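None of these values were measured; they are calculated from a predicted model. All values below were derived from every heavy atom in this structure, side-chain atoms included, with hydrogens, water molecules and symmetry-related copies excluded.
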Amino acid sequence: MKVCFILSACFFSLFFLGGCERVGDNLSTEANFEEWYPQYNRYVRNWLTKQVAGIETEIEMLNAELVEVADDEGKKKIQEVLLEKQKLLKRMQSRQEMGDYFQFKAIGDLPPELVWNNGLEQPDIGDPAAKKGGAFRYFISSFPPTIRPFGPNSNNSFRGELYDNIEISLVELHPETGEVIPGVAKEWAIGTDGKTVFFRLDPDAKYNDGVAVKAIDFMWWVYLRASDNVVTPWFKQYLREQMAQFTLFGTDIIAISLPEPKPKLAYFATLPPSPPHFYKQYGPDYKERYQWRVPPTTAAYTVKPADLVKGVSITLSRTDNWWAKEKKFYRYRFNVDRIRYTVVRDRSKAWELFRAGEIDYFPITLPEYWYQKSEMPPVFDGYVERYTWYNQFPRIPWSLYLNSAKAPLDNRDVRLGICYASNWQKVIDVIFRGDASRLPGWTKGYGRFDNPKIMARPFSISKAREHFAKAGYVKEGDDGILMKEDGQRLEVALTFSRIPVREKMMGILKEEAKKAGLDFIMDGLDHTVVYKKEMQKNHQAVFSAWGFQPPYPRYYEYFHSSNAYDDKGNLKHNTNNVFSFKDERMDQLSVAFRNARTEDELEKYAHEMQQIIHDSGVYVPGYMTEFSRIGCWRWVRWPNSEFTEFCPPRTYVPFESYVYWIDEDMKRETETAKRSGKKFPEVQAVKQRYRIKTEPKGNSGE
């Protein structure tokens, strides 16, 4: 699911380096992995050398500072930083000892002691009763700015439907148990170093153009994103820092090493392949050349050129003889032959199309739809069925994101004042009729990794004005808006996607904020424009959300300073740190979280980072729901099997699980019944098998 699975570069350059060394540009008009990878090996070696030297210098400085500090508290803080630096130094030195980033070995060099796993003990997914065939019709509010899977603007709201939700990587996580299951890899083994995963490819694995997947295709995945032919700051950074080595053993086995051991190691080493035959023209003009070309993938679906109608619709067609159609974990999923996404910019128009049976499925979680609009004849007559389904997916952080690089949001007291001036509870009570609840902090739904002490600040006029006064807003204008002595008003532009329900939400926030002396300037824009403005860091406050995935939360890309500013202090664009957030301790913790070896470490670092985010005020928690409500025509069927009830729990919204199917016989029966006036029993079902029963509690202390 989007809510934008999303980007940045040059880790540590703000700490002790003068910037990033560039790998030589590939100026040819043809892809040339063979020429590029030795350059990249050299680049990573040089980068590691600089990292080690820089960390050693920092350790020397910290040791010197430790001698000079007299108080115990000061010594303790320095020792904590020193410990993390020593861990980091050991990590970098260990990587140096591993040798080149890309290596090629014979099959005889494979370690003989490997113990292979295949994950087949995990339960099936879906329902054996599922039928193949038919078409699923849905809608999207805007056409994607590109069809490319990487590069500028690729992280748009539709990329999940094209790639993330359907493409099969080396291994996957089971959407109910959370355990590793096979994907393109038939089996995998953990090396004796505890940080290398050996993947043996499934000999049946093919792209949906029929070309076999080979082990080198995973090196190509790196090449395409790490070369200087494309602007992918997040990928470049991640691949250099979080992937330590790729080793080929013949054509069907690849080993991927991480810098250190991790929980669920195989999952964190997984990648999808990239087809070299498709990218043979990859070069400096990649952005333009591949703008509207759909690459072959391992997915059950692809987009045919004729089914990409710009500005109108995108249709995914099921691959003939899909390689995984009989494989466990995939045989009862991806059942329909075609999935058609029609662009309908006006949600009310989309609803009318759904009522008329032109769209098969509609999200009706919003009370406006659940309590009012879906109370309609097609529901009463049994043609449209309604479901409430509880999931176990991390809650999507629909909230206000404050850009601390924009005045007056560069003042912490202004940000904290906004936290208290934002009456999300009234939004929940009015818009959601109490069905939603307040999001406590940056993450929710990760169990032990959520800090139970963090709670969102409640709406409080007095506390908001107290913080605004500390920031210098001490006078009140005739309209009730606070201002400084020089007449500067307390105004903040609030950017959001211009759809009716969000206009109502933002309208409530605006009217309530006035009571605290804050004027939210409404900035409702088209969804695509909002996304671009946010990624360019041109917003002040934006109502937004980012798509989180199990099993662990993410912090580095959203809060590390290297994703906010370059080594010269200039604001970075097209990264996920839309807060323009910079904090030395957060930098240390987000690195430590990335490098953590155990879940105990992950929990410790996550809790402290959540406290820092809370204290900074850059993030104003909004609302969340623990369920999805949907309406669908009765021919859209859902699992009711021993291993899946309705939908696997680790799914954000039901249709993204692809366990549904279209019953063509029921569709014909329903269409005939509509014409004759025949009715069916009304269906309004609650699916609670996966409902989380307990909720941690905390406080909202400063």
[X] side chain vs [Y] backbone, donor-acceptor pair below 3.5 Å:
{"X": "Asn563", "Y": "Asn576", "answer": "no"}
{"X": "Ser561", "Y": "Asp583", "answer": "no"}
{"X": "Lys264", "Y": "Gly178", "answer": "yes"}
{"X": "Thr365", "Y": "Ser628", "answer": "no"}
{"X": "Arg412", "Y": "Asp410", "answer": "no"}
{"X": "Tyr401", "Y": "His539", "answer": "no"}
{"X": "Arg489", "Y": "Met483", "answer": "no"}

Item to check | Residue among Lys195, Arg91, Lys90, Lys87 satisfying side chain to side chain donor-acceptor pair (under 3.5 Å) with Glu260 | outcome: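 Between Glu260 and the candidates, side chain to side chain donor-acceptor pair (under 3.5 Å) is satisfied uniquely by Arg91.
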Checklist entry - Using 4.0 Å as the upper bound for N to carboxylate O, is an ion pair formed by Asp600 and Arg448? => result yes
Next on the checklist: I'd like to know if Lys514 and Glu511 make a salt bridge, using a cut-off of under 4.0 Å between side-chain N and carboxylate O.
Outcome noted: yes
Checklist outcome for this item: Of Glu84, Glu601, Glu241, the one forming a salt bridge (Lys or Arg N to Asp or Glu O under 4.0 Å) with Arg594 is Glu241
Item to check | Identified side-chain contact (heavy atoms from CB on, under 4.5 Å) partner of Arg691 from the options Phe627, Trp389, Tyr390 | outcome: Tyr390
Side chain proximity check, [X] to [Y], heavy atoms < 4.5 angstrom:
{"X": "Met535", "Y": "His573", "result": "no"}
{"X": "Asn595", "Y": "Gln242", "result": "yes"}
{"X": "Leu602", "Y": "Phe449", "result": "yes"}
{"X": "Pro452", "Y": "His607", "result": "yes"}
{"X": "Thr495", "Y": "Glu534", "result": "no"}
{"X": "Leu400", "Y": "Ser422", "result": "yes"}

Residues in side-chain contact (heavy atoms from CB on, under 4.5 Å) contact with [X], at least two apart in sequence or another chain:
{"X": "Asn153", "result": "Pro145, Thr146, Lys532"}
{"X": "Met522", "result": "Leu494, Phe496, Met506, Lys510, Phe520"}
{"X": "Ser460", "result": "Tyr420, Ser462, Lys463"}
{"X": "Ser497", "result": "Arg502, His527, Val530"}

Item to check | Pairs satisfying salt bridge (charged side-chain N to carboxylate O under 4.0 Å, His left out), at least one member in residues 536-548, at least two apart | outcome: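 Residue pairs passing salt bridge (charged side-chain N to carboxylate O under 4.0 Å, His left out), neighbours aside: none found.
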Side-chain donor-acceptor contacts of residues 616-624 below 3.5 Å, not counting sequence neighbours, with atom names and distances?
| from | atom 1 | to | atom 2 | distance (Å) |
| --- | --- | --- | --- | --- |
| Ser616 | OG | Ile613 | O | 2.8 |
| Ser616 | OG | Val618 | N | 3.3 |
| Tyr619 | OH | Ser399 | OG | 2.8 |

Item to check | Residues Arg585, Met609; criterion side chain to side chain contact (heavy atoms under 4.5 Å, CB included); working and verdict | outcome: CA-CA 9 Å; Arg585 181 58 178 163; Met609 284 189 286; over 6 Å; no
Next on the checklist: Looking only at the side chains, is there a donor atom on one of Asn411 and Tyr473 sitting less than 3.5 Å from an acceptor on the other?
Outcome noted: no
Item to check | Asn423 and Glu512: side chain donor to acceptor below 3.5 Å | outcome: yes
Checklist entry - Among Tyr446, Phe593, Phe268, Tyr267, whose ring pair (Phe, Tyr, Trp, His ring centres under 6.0 Å) with Tyr552 holds? => result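 Going through the options one by one, the only one that passes is Phe268.
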Item to check | Criterion side chain to side chain contact (heavy atoms under 4.5 Å, CB included) on Thr270 and Val180, from CA distance to verdict | outcome: CA-CA 10 Å; Thr270 193; Val180 178; over 6 Å; no
Item to check | Criterion side chain to side chain contact (heavy atoms under 4.5 Å, CB included) on Phe543 and Trp398, from CA distance to verdict | outcome: CA-CA 7 Å; Phe543 175 67; Trp398 287 108; 3.7 Å; yes
Item to check | Minimum heavy-atom distance Leu82-Leu66, with the two atoms named | outcome: CD2-CD2, 4.5 Å
Next on the checklist: Show, in sequence, the C-alpha distance, side-chain angles and deciding distance for Asn403 and Gln540, and conclude whether the side chain to side chain contact (heavy atoms under 4.5 Å, CB included) test is met.
Outcome noted: CA-CA 5 Å; Asn403 185 352; Gln540 284 187 296; 5.6 Å; no
Item to check | Pi-cation contact, Tyr238 with Arg225 (under 6.0 Å, within 45°) | outcome: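 Negative - Arg225 is either too far from the ring of Tyr238 or too far off its axis.
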Next on the checklist: Could you check, using the six-membered ring where one of them is a Trp, whether Tyr558 and Phe579 have ring centers closer than 6.0 angstrom?
Outcome noted: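 They do not qualify: ring centres at least 6.0 Å apart.
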